[in-house]
Asks: 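Structure in structure tokens, see below.
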Amino acid sequence: HKSSGTLLVTDAVQRIDDEPPAIIQEDPRALLYHARDDMFQIVQDSPSNRRKGWRRMVLFGLTFQPAGIKILDSLEALKLTKQVDNEMKKLGDGAIPFDGGFYPWEWIEDDLPSFKALQGGLLVAPILQKLILNREPEKVLQWADQVAKWPIKRIIPCHLANDIKTNGKEFRRAFNFLEDL
């Protein structure tokens, strides 16, 4: 949107904030579902648990499989869902199979260092870096160079933080990972 200097993007770049967006906090069940370390943990609704769930949702969304988790055998995890606390099953109600209790992983490492590594400005999601954009780095860099010339004052991505005050130089910097390929 030239007149306002706004670049609208889907997934090209993002910025990750510490706080979950207001819209997801309207119904915090997903945040609390992901705040658990394992399927049996009972979590209370608190700002710290919401932030913990947010960090983990971001890691799942941007990396496929975070390094800090241990994947459980799906059949075993399925059998164990009967033992999940009913209040915790409500966190996944309508979104998670098997009465909302299915949670086939355990967090065995602190998620905070990985989350913090994704912060610090505009970011191209690691999943896009490794699976998509690295296929033709020259073409992607040409595109990023072209877009960076636009009079960008802010970026509104479809996911994570939005209304990011920035410029073309910062946009282009997010694609620097391609320069060494």
Side-chain angles (χ1 to χ4, degrees), residues 9-120 122-137 140 157-162 174-175 177-178 181:
V9 298
T10 305
D11 294 319
V13 293
Q14 297 161 353
R15 188 187 72 208
I16 300 162
D17 293 339
D18 286 328
E19 294 296 322
I23 194 166
I24 198 170
Q25 296 208 51
E26 290 177 11
D27 180 359
R29 290 179 299 156
L31 296 169
L32 299 173
Y33 174 87
H34 285 283
R36 299 179 295 165
D37 292 333
D38 59 52
M39 75 168 63
F40 303 113
Q41 184 180 11
I42 297 173
V43 296
Q44 301 300 316
D45 187 0
S46 68
S48 63
N49 278 335
R50 287 182 181 206
R51 283 190 296 275
K52 184 179 187 180
W54 172 243
R55 291 191 308 264
R56 292 172 174 188
M57 289 174 70
V58 167
L59 290 171
F60 270 111
L62 299 183
T63 65
F64 263 148
Q65 182 176 328
I69 64 171
K70 173 185 161 192
I71 302 293
L72 304 176
D73 177 79
S74 295
L75 187 55
E76 281 301 311
L78 184 58
K79 290 177 186 176
L80 293 172
T81 59
K82 297 174 191 165
Q83 300 172 34
V84 174
D85 182 85
N86 285 332
E87 288 302 307
M88 295 298 98
K89 284 183 179 181
K90 289 179 185 177
L91 298 177
D93 188 37
I96 304 298
F98 311 108
D99 297 327
F102 194 57
Y103 195 89
W105 59 83
E106 295 174 353
W107 281 89
I108 55 173
E109 294 178 20
D110 185 3
D111 57 78
L112 191 56
S114 294
F115 181 80
K116 289 294 183 188
L118 296 174
Q119 293 184 300
L122 289 178
L123 166 78
V124 174
I127 194 168
L128 294 177
Q129 291 182 25
K130 299 293 184 188
L131 295 179
I132 307 293
L133 300 180
N134 62 344
R135 294 178 184 180
E136 297 199 47
V140 176
C158 286
H159 304 102
L160 306 173
N162 66 31
F175 294 87
F177 69 93
L178 292 169
L181 297 180

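All residue numbers in this chain count up from 1 along the given sequence. Bear in mind the structure is a predicted one, so any value in this text is a computation, not a measurement.
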Asks: Quick one: CZ on R15 to CG on L123, what's the gap to the nearest 0.5 Å?
Replies: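 Answer rounded to 0.5 Å: 11.5 Å.
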Asks: Once ring pair (Phe, Tyr, Trp, His ring centres under 6.0 Å) is applied, do any residues pair with F98, and if so which ones, sequence neighbours excluded?
Replies: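 For F98, the residues satisfying ring pair (Phe, Tyr, Trp, His ring centres under 6.0 Å) (neighbours in sequence not counted) are F102.
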Asks: Quick one: CG on D18 to CD on Q119, what's the gap to the nearest 0.5 Å?
Replies: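 The CG atom of D18 sits 4.5 Å away from the CD atom of Q119.
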Asks: Rounded to the nearest 0.5 Å, what separation is found between the CD atom of Q83 and the CE atom of M88?
Replies: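 Reported to 0.5 Å precision, the distance equals 16.0 Å.
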Asks: Under the side-chain contact (heavy atoms from CB on, under 4.5 Å) rule, collect the residues that match up with K79, sequence neighbours excluded.
Replies: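 L75, E76.
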Asks: Does any pair with a residue in residues 15-34 pass ring pair (Phe, Tyr, Trp, His ring centres under 6.0 Å), and if so which ones, sequence neighbours excluded?
Replies: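 Output for this query lists Y33-Y103, H34-F60.
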Asks: Any pair with a residue in residues 74-94 that passes ring pair (Phe, Tyr, Trp, His ring centres under 6.0 Å), sequence neighbours left out, goes on the list, sorted by first then second residue, please.
Replies: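 Of all non-adjacent pairs touching residues 74-94, none passes ring pair (Phe, Tyr, Trp, His ring centres under 6.0 Å).
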Asks: Return the CG to CD1 distance between N86 and I42, rounded to the nearest 0.5 Å.
Replies: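 Rounded to the nearest 0.5 Å, the CG-CD1 separation comes to 10.0 Å.
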Asks: Who passes salt bridge (Lys or Arg N to Asp or Glu O under 4.0 Å) against D93, sequence neighbours left out?
Replies: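 With sequence neighbours excluded, D93 shows a salt bridge (Lys or Arg N to Asp or Glu O under 4.0 Å) to no residue whatsoever.
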Asks: Excluding sequence neighbours, so at least two apart, what forms side-chain contact (heavy atoms from CB on, under 4.5 Å) with K90?
Replies: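 Here the qualifying residues are E87.
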Asks: With sequence neighbours left out, write down each residue that passes side-chain contact (heavy atoms from CB on, under 4.5 Å) with E109, or none if nothing qualifies.
Replies: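 Applying side-chain contact (heavy atoms from CB on, under 4.5 Å) to E109 gives none.
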Asks: Taking the side chain as every heavy atom from C-beta outward, state whether N134 and F177 have any atom pair closer than 4.5 Å.
Replies: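 In short, these two side chains do not touch, never coming nearer than 4.5 Å.
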Asks: R36: what forms a salt bridge (Lys or Arg N to Asp or Glu O under 4.0 Å) with it, not counting sequence neighbours?
Replies: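 Salt bridge (Lys or Arg N to Asp or Glu O under 4.0 Å) list for R36, sorted by chain: empty.
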Asks: Is there any side-chain hydrogen bond (donor to acceptor under 3.5 Å, both in side chains) pair reaching into residues 59-72, and which pairs are they, with sequence neighbours excluded?
Replies: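 Every pair satisfying side-chain hydrogen bond (donor to acceptor under 3.5 Å, both in side chains) with a residue in residues 59-72: there are none.
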Asks: With sequence neighbours excluded, tell me which residues meet side-chain contact (heavy atoms from CB on, under 4.5 Å) with L112.
Replies: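 By the side-chain contact (heavy atoms from CB on, under 4.5 Å) rule, L112 matches R55, D110, K116.
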Asks: Can you see which heavy atom on P20 is nearest to which on Q25, and at what distance?
Replies: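 Smallest heavy-atom distance, with atoms named: O-NE2, 3.1 Å.
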Asks: Does D73 have any salt bridge (Lys or Arg N to Asp or Glu O under 4.0 Å) partners at least two apart in sequence or in another chain, and if so, which?
Replies: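 By the salt bridge (Lys or Arg N to Asp or Glu O under 4.0 Å) rule, D73 matches no residue at all.
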Asks: Is it the case that the side chain of D99 and the backbone of G101 share a donor-acceptor pair, with hydrogens and angles ignored and the cut-off at 3.5 Å?
Replies: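 No, D99 side chain to G101 backbone: no donor-acceptor pair under 3.5 Å.
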Asks: Can you give me the closest heavy-atom contact between K89 and V84, atom names plus distance?
Replies: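 Looking at all heavy atoms of both residues, the shortest contact is CE-O, 3.5 Å.
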Asks: So, using salt bridge (Lys or Arg N to Asp or Glu O under 4.0 Å) as the criterion, who are the partners of D37 when residues are at least two apart?
Replies: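 Expected list: K52, R56.
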